[in-house]
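Let me begin by presenting the structure, written as structure tokens, before commenting on it.
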Amino acid sequence: MNNRDLTGIGMTSQRTRERLIGRLMDRGISDWRVLDVMRTTPRHLFLDEALAHRAYEDVALPIGQGQTISQPYVVALMTQAVLQSADPSTGRLGKVLDVGTGCGYQAAILAQLAEEVISVERIRSLQEKARRHLAALKIRNVRLRLDDGTLGYSGEAPYDAIVSAAAPPALPQALCEQLADNGRLVIPIGDGEGQTLELIHRKEDSFHRESLGMVRFVPLRRGPVER
Ligand code: SAH
């Protein structure tokens, strides 16, 4: 058995994972739906073998192509924020847009809390990695698209929730327009060092904007996809 297995040993064991969940709770994550899904999703399977032993540290880690898997606390914070748009009778989201698939971890978390996830990435090699990771976990309700997510993905709009793992300098109008009524968008905004994580809540044609704190994400890059 090695640490590529689903259960994990040593630094990827259940006890190590439980410590991470404790830390998320200490930092204010209280939604049990989010904590449960993060407890059971093997983050080490989304990383290259050499970094798998650090999977349950609360840090962002490299995934290749100059990109990173987001910090668990930030994944939890974003997921908890958009879950407020869940159907009150089922506690689940309907259709979700994930911008910046990367290695597919955020998409995997969302997929377990939503009917359907559309995930857009602009670098093909990362999309392929994500496809392998999601297949290994038998997650079948994520559709991957190779495209510029700055424009959202209008073909499947509207979305009950939109989560962006890459930061534009200003709020992309297209993403707001693709929100369903009562939908929520969570996105880091700003250049380089100082970004603010913003939560936008749509109520008919008005958009309420709230700041969730300072964060650091990779930039949302415009332009053609990289094959
Ligand atoms: N959600 C990912 C985080 C990946 S980092 C995870 O859980 O691992 C952010 C990702 O956004 C990178 O993979 C980057 O290539 C992608 N990205 C940057 N600009 C983009 C754009 N305009 N459209 C789609 N993806 C973009």
Side-chain angles (χ1 to χ4, degrees), residues 20 24 34 37-38 41-48 51-52 54-82 96-114 117-134 136-137 139 142-157 159 161-175 178 185-192 195 197 215-227:
L20 173 62
L24 299 179
V34 177
V37 165
M38 292 194 62
T41 304
R43 189 170 183 256
H44 63 282
L45 294 188
F46 290 82
L47 291 162
D48 291 340
L51 282 171
R54 299 193 59 194
Y56 301 96
E57 292 176 25
D58 192 20
V59 291
L61 292 165
I63 54 171
Q65 312 293 320
Q67 308 302 321
T68 53
I69 183 172
S70 304
Q71 180 190 356
Y73 169 66
V74 174
V75 170
L77 185 65
M78 295 199 294
T79 308
Q80 177 170 276
V82 296
V96 177
L97 178 67
D98 172 50
V99 177
T101 312
C103 65
Y105 180 71
Q106 174 78 73
I109 298 294
L110 290 167
Q112 297 172 75
L113 298 163
V117 178
I118 316 297
S119 185
V120 187
E121 171 58 56
R122 61 179 289 282
I123 302 178
R124 182 183 289 275
S125 61
L126 290 176
Q127 185 197 46
E128 284 166 0
K129 238 183 208 184
R131 196 181 299 286
R132 285 198 301 276
H133 297 152
L134 294 166
L137 296 182
I139 290 176
V142 178
R143 280 190 281 158
L144 301 177
R145 294 282 175 267
L146 198 65
D147 221 323
D148 179 359
T150 312
L151 308 173
Y153 194 77
S154 60
E156 294 285 346
Y159 302 99
I162 303 178
V163 173
S164 177
L171 184 60
Q173 204 46 46
L175 295 183
Q178 290 173 24
L185 157 66
V186 67
I187 184 168
I189 299 195
D191 314 291
Q195 301 155 3
L197 191 62
V215 285
R216 195 159 159 197
F217 278 85
V218 298
L220 187 75
R221 307 248 314 261
R222 299 291 318 252
V225 299
E226 291 177 30
R227 292 163 195 282

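Both counts, for ligands and for their atoms, begin at 1 and track the order of listing.
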**Message:** To check your reading of the model: name the closest protein heavy atom to atom 8 (O) of ligand 1, its residue, and the distance in Å.
**Reply:** C103 SG, 3.1 Å
**Request:** For D147, counting its heavy atoms only, list the atoms of ligand 1 lying under 4.0 Å from any of them.
**Result:** 23 (N), 24 (C)
**Request:** Please write down residue, atom name and distance for the protein heavy atom closest to atom 7 (O) of ligand 1.
**Result:** Q106 N, 3.1 Å
**Prompt:** Looking at G152 and L175, what are the two nearest heavy atoms and their distance?
**Reply:** CA-CD2, 3.4 Å
**Fill in**
Smallest heavy-atom separation, L134 atom then G104 atom, equals CD2-O, 3.9 Å
**Complete:** Of all protein heavy atoms, the one nearest atom 12 (C) of ligand 1 is Q67 OE1, 3.3 Å
**Item:** Residue pair V120, L151: steps toward the side-chain contact (heavy atoms from CB on, under 4.5 Å) verdict
**Value:** CA-CA 10 Å; V120 187; L151 308 173; over 6 Å; no
**Request:** With heavy atoms of Y105 as the reference, note each atom of ligand 1 found under 4.0 Å away.
**Result:** 7 (O)
**Message:** Under 4.0 Å from a heavy atom of A166: which atoms of ligand 1 are those, numbered in the order shown and with their elements?
**Reply:** 11 (O), 18 (C)
**Prompt:** Going by the order shown, which atoms of ligand 1 are within less than 4.0 Å of some heavy atom of T150?
**Reply:** 22 (N)
**Request:** Take L113 and T79, measure what side-chain contact (heavy atoms from CB on, under 4.5 Å) needs, and give me the verdict at the end.
**Result:** CA-CA 9 Å; L113 298 163; T79 308; 3.6 Å; yes
**Message:** Checking the side chain of Q65 only, and the main-chain atoms of L126 only, is there a donor and an acceptor separated by less than 3.5 Å?
**Reply:** no
**Message:** Tell me whether ligand 1 is touched by P219 - counting only heavy atoms on the residue side and a distance under 4.0 Å.
**Reply:** yes
**Item:** For atom 19 (N) of ligand 1, the protein heavy atom that lies nearest, with its residue and separation
**Value:** R221 N, 2.9 Å
**Prompt:** Counting N and O atoms only, with roles assigned by atom type, does the side chain of K129 sit under 3.5 Å from a partner on the main chain of I63, one being a donor and the other an acceptor?
**Reply:** yes
**Request:** Please confirm whether S70 comes within less than 3.5 Å of ligand 1 when only nitrogen or oxygen atoms on both sides are compared.
**Result:** no
**Asked** Can you find an N or O of G149 that's nearer than 3.5 Å to an N or O of ligand 1?
**Response** yes
**Complete:** of all protein heavy atoms, closest to atom 20 (C) of ligand 1 is R122 CD, 3.3 Å
**Request:** Specify the protein heavy atom at minimum distance from atom 6 (C) of ligand 1: its residue, its atom name, and the distance to 0.1 Å.
**Result:** T101 O, 3.7 Å
**Prompt:** What protein heavy atom is closest to atom 11 (O) of ligand 1, reported as residue, atom name and distance in Å?
**Reply:** G100 CA, 3.2 Å
**Request:** Give the numbers and elements of all ligand 1 atoms closer than 4.0 Å to a heavy atom of I69.
**Result:** 8 (O)
**Prompt:** For I187 and S164, which heavy atoms make the closest approach, and how far apart are they?
**Reply:** CG1-CB, 3.6 Å
**Message:** Looking at R145, I'd like to know if its CZ atom is crowded, meaning that more than 12 non-hydrogen atoms belonging to other residues, nucleotides or ligands lie closer than 6.0 Å.
**Reply:** yes
**Request:** Taking only heavy atoms of V120 into account, list the atoms of ligand 1 that are under 4.0 Å away from them.
**Result:** 24 (C), 25 (N)
**Message:** We want to know whether Q112 and T41 form a side-chain donor-acceptor pair, criterion being a heavy-atom distance below 3.5 angstrom.
**Reply:** yes
**Request:** May I ask you to list the atoms of ligand 1 that are less than 4.0 angstrom from any heavy atom of G102?
**Result:** 4 (C), 13 (O)
**Request:** Around atom 4 (C) of ligand 1, find the nearest protein heavy atom and jot down its residue, atom name and distance.
**Result:** T68 O, 3.1 Å
**Prompt:** Do any N or O atoms from the side chain of Y56 and from the backbone of H44 form a donor-acceptor pair under 3.5 angstrom?
**Reply:** yes
**Request:** Say whether, by atom type as modelled, one donor and one acceptor occur between the side chain of Q178 and the main chain of Y159 under 3.5 angstrom.
**Result:** no
**Prompt:** Any non-hydrogen atom of V163 lying under 4.0 Å from ligand 1?
**Reply:** no
**Interfacing atoms of ligand 1 (cut-off 4.0 Å, heavy-atom, D148)** = 21 (C), 22 (N), 23 (N)
**Item:** Minimum heavy-atom distance Q106-M78, with the two atoms named
**Value:** OE1-CE, 3.3 Å
**For ligand 1, the portion of I123 having any non-hydrogen atom under 4.0 Å away** = side chain
**Message:** Would you say S119 and Q127 are linked by a side-chain donor-acceptor pair, where the criterion is simply a distance under 3.5 Å?
**Reply:** no
